[in-house]
Amino acid sequence: MTVIRSVYENQTEILKGIMALYAPDGFECDCTYGNGQFYRDIPPPIFRFDIDPQTPDTIQATSDNLPLTDKSISSLVFDPPFLTYVRTGRGGNGNMIMAKRFAGYWRYDELESHYKATLTEAGRVLCKNGIMVFKCQDIIHNHKMHCTHANVIAWAENSGLRLQDLFILPAKHRLPSPNRAGTQKHARIFHSYFLVFRKI
């Protein structure tokens, strides 16, 4: 018998573990599908949405306003952007790798607003006992620690979603630091989370 662990070195193994435990038929919906990298080695979802579709079979939609009826799906994947560091506003510092690779949030309150709205939408479209997979990362922003995974767990409760499991993905490569100069104030965050929620 294969034991499914809470820590894997790549996200495909985490997704396979989540499927084995909670979605044996695969994931039904991804509301941030992107270019489909999540699904190189696992079956792609039936419903594929993204705010900026990158494949011809992806429907344009935002994660907080999905074209699905109430209680209509059994599983949902959400892999949102993390915080993008733009020092001089949205138009500045755009050459940073993170700003080029991903859409993002300039401030933490924008991230919070979008995450909460998406959790509310997940609570609407998931059927009872449905599963939501939520990828997130804690962050140091403006010299403050934001324990995003703990925040998401608390926010999810308000949408009728209860934490079922938690997986950790260590980073393979260092992401660009927002502040290379000066004395280090916090431990460098080197991992992200896959939170698994169940609709109650």
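None of the values given here were measured: they were computed from a predicted structure.
- Paired with Met132 under the rule side chain to side chain contact (heavy atoms under 4.5 Å, CB included), one option of Leu119, Val77, Val125 passes, and it is Leu119.
- Nearest approach of Gly34 to Thr55, heavy atoms of both residues: O-CG2, 4.1 Å.
- Within a 6.0 Å radius of CD1 in Ile168, other residues, nucleotides and ligands contribute more than 12 heavy atoms.
- Side-chain atoms of Asp138 and His149 form a donor-acceptor pair, as typed in the model, at a separation below 3.5 Å.
- Proximity of Phe190 to Gln137: side-chain heavy atoms (C-beta onward) are nowhere separated by under 4.5 Å.
- Both Val196 and Phe27 are assigned to one and the same hydrophobic cluster, defined by single-linkage of ILVMFWY side chains at heavy-atom distances under 4.5 Å.
- No donor-acceptor pair closer than 3.5 Å links the side chain of Arg162 to the backbone N or O of Arg198.
- Below 30°, between 30° and 60°, or above 60°: for Tyr193 and His191 the angle between ring planes is above 60°, a perpendicular geometry.
- At a threshold of 4.5 Å between side-chain heavy atoms, the hydrophobic network of Ile, Leu, Val, Met, Phe, Trp and Tyr places Leu169 and Tyr22 in one connected group.
- With values rounded to the nearest 0.5 angstrom, Asn158 atom CG is found 8.0 Å from Thr120 atom OG1.
- Side-chain contact check for Glu121 versus Ser63: every heavy-atom pair is 4.5 Å or farther apart.
- Following chains of ILVMFWY side-chain contacts shorter than 4.5 Å, one can reach Leu76 starting from Trp155, so the two form part of one hydrophobic cluster.
- Side chain to side chain, Glu28 and Ser75 fail the donor-acceptor criterion of an N or O pair below 3.5 Å.
- Taken from CG in Leu15 to CG in Asp79, the straight-line distance is 9.0 Å, to the nearest 0.5 Å.
- For the atom pair Leu161 CG and Leu126 CG, the distance stands at 6.5 Å (nearest 0.5 Å).
- Ring orientation note: the planes of Tyr39 and Tyr33 are close to parallel, at an angle under 30° on the 30°/60° scale.
- Interatomic distance, Lys16 NZ to Tyr8 OH, rounded to the nearest 0.5 Å: 10.5 Å.
- Residues Ile59 and Pro53 fail the side-chain proximity criterion, which asks for heavy atoms closer than 4.5 Å.
- Among residue pairs with one or both ends in residues 41-51, those qualifying as side-chain hydrogen bond (donor to acceptor under 3.5 Å, both in side chains) are Arg48-Asp57; sequence neighbours excluded.
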Side chain to side chain contact (heavy atoms under 4.5 Å, CB included) for Leu195 and Phe167? Distances and angles first, verdict last. CA-CA 6 Å; Leu195 306 175; Phe167 294 79; over 6 Å; no
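- Ring centers of Phe134 and Tyr115: under 6.0 Å apart, within the cut-off.
- Under the 4.5 Å side-chain heavy-atom criterion for grouping Ile, Leu, Val, Met, Phe, Trp and Tyr, Phe78 is connected to Phe47 within one hydrophobic cluster.
- Side-chain contact between Phe197 and Asp165 is absent, with no heavy-atom pair separated by less than 4.5 Å.
- When all heavy atoms of Leu66 and Cys31 are compared, the pair lying nearest together is CD2-CB, 3.7 Å.
- With a 4.5 Å cut-off on side-chain heavy atoms, Glu112 and Glu110 do not count as touching.
- Between Asp64 and His114, the shortest heavy-atom contact is OD2-CD2, 4.4 Å.
- In this structure, Leu21 is a member of the same hydrophobic cluster as Phe194, with clusters built from ILVMFWY side-chain heavy atoms closer than 4.5 Å.
- Here the closest non-hydrogen pair linking Arg124 and Thr69 is NH1-C, 3.7 Å.
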Could you go through Phe38 and Gln11, starting from their C-alpha distance and side-chain angles, then the distance that decides it, and tell me whether this counts as side chain to side chain contact (heavy atoms under 4.5 Å, CB included)? CA-CA 8 Å; Phe38 261 12; Gln11 61 187 17; 3.2 Å; yes
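- Rounding to the nearest 0.5 Å gives a distance of 10.5 Å between CD1 of Ile4 and CE of Met19.
- To the nearest 0.5 Å, atom CD1 of residue Ile131 and atom NZ of residue Lys199 are 12.0 Å apart.
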